Amino acid sequence: MTASGLSYGTLLNRLREAGTVMRTSWQTRRMRADPAARRRLAAHLRALYEQHGATLTELASAAGETRTVARGLLIEAGGTVRTTQQTRRIHTAARAVKRQKLALSLRARYEAGATVPALAEECNYSTAMVYRLLRQAGTPMRPQHRHGPAAQTWKRP
């Protein structure tokens with residue numbers, strides 16, 4: 001409360017407006033009084049952090065605590081706090097895997113006969129993005145069709 005400069009009541013009202021599920025006072029007391037529950041929560045947060053690449057903010061949200069408390073619980077459970085760059089690398093690698101899966105899925109549908117514009121509309125991507133993903137997947141591209149007046153050769157009379 002002192003860090004935000006808000007009164008206790010204002011802080012509670014803002015948390016409620018944001019849809020935060022609040023613990024009751026007895027839940028807080030029970031958690032503080034029950035070291036086993038605290039250890040279980042700390043172990044759970046460590047698993048989220050190390051196995052799923054969660055950030056401290058995500059841990060705080062999962063625990064219903066602040067980032068500082070979540071960090072403390074992580075350290076209590078024997079976890080090591082990552083640097084921001086390490087977290088970014090983890091998330092970038094995860095996005096790359098997801099992107100590769102999408103590229104392979106698009107390739108399979110393209111090779112089955114779907115057109116690039118149809119794939120783009122289906123996936124809500126631009127056609128340029130679909131072309132990039134198809135190239136990333138090593139897709140052999142079909143030749144472009146030349147329809148319409150631009151494809152015709154005009155002869156002078």
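Residue indices begin at 1 and follow the sequence shown. Worth saying up front: this structure is predicted, and the values here are computed from it rather than measured. Values reported hereafter were calculated over all heavy atoms of this structure, with side chains retained and with hydrogens, waters and symmetry mates removed.
At least one test fails for R71 against the ring of Y49: distance under 6.0 Å to the centre or angle within 45° of the axis.
A heavy-atom distance below 4.5 Å is found between the side chains of L74 and L56.
In the hydrophobic clustering of this structure, L106 groups with V116; members are Ile, Leu, Val, Met, Phe, Trp, Tyr whose side-chain heavy atoms approach within less than 4.5 Å, directly or through other members. At a threshold of 4.5 Å between side-chain heavy atoms, the hydrophobic network of Ile, Leu, Val, Met, Phe, Trp and Tyr places L59 and I90 in two separate groups.
In this structure, a donor-acceptor pair under 3.5 Å is absent between the side chains of T84 and R88.
A42 and A77 make their closest contact through O-CB, 3.4 Å (heavy atoms, listed as atom of the first residue, atom of the second, distance). Of all heavy-atom pairs spanning G53 and E58, the tightest one is O-OE1, 4.4 Å. Between R109 and C123, the shortest heavy-atom contact is NH2-SG, 4.0 Å.
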Name the atoms and distances for all side-chain donor-acceptor pairs under 3.5 Å in residues 125-141, with sequence neighbours left out.
from, atom 1, to, atom 2, distance (Å)
S126, OG, M129, N, 3.1
Q136, OE1, R99, NE, 2.9
Q136, NE2, Q100, OE1, 2.9
T139, OG1, L134, O, 2.9

Under 3.5 Å, side-chain donor or acceptor atoms of residues 9-21 against the rest of the protein: list the pairs with distances, not counting sequence neighbours.
from, atom 1, to, atom 2, distance (Å)
T10, OG1, S7, OG, 2.9
N13, ND2, G9, O, 3.4
T20, OG1, L15, O, 3.1

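T92 contributes atom OG1, which lies 10.0 Å from atom CD of Q85 (distance to the nearest 0.5 angstrom).
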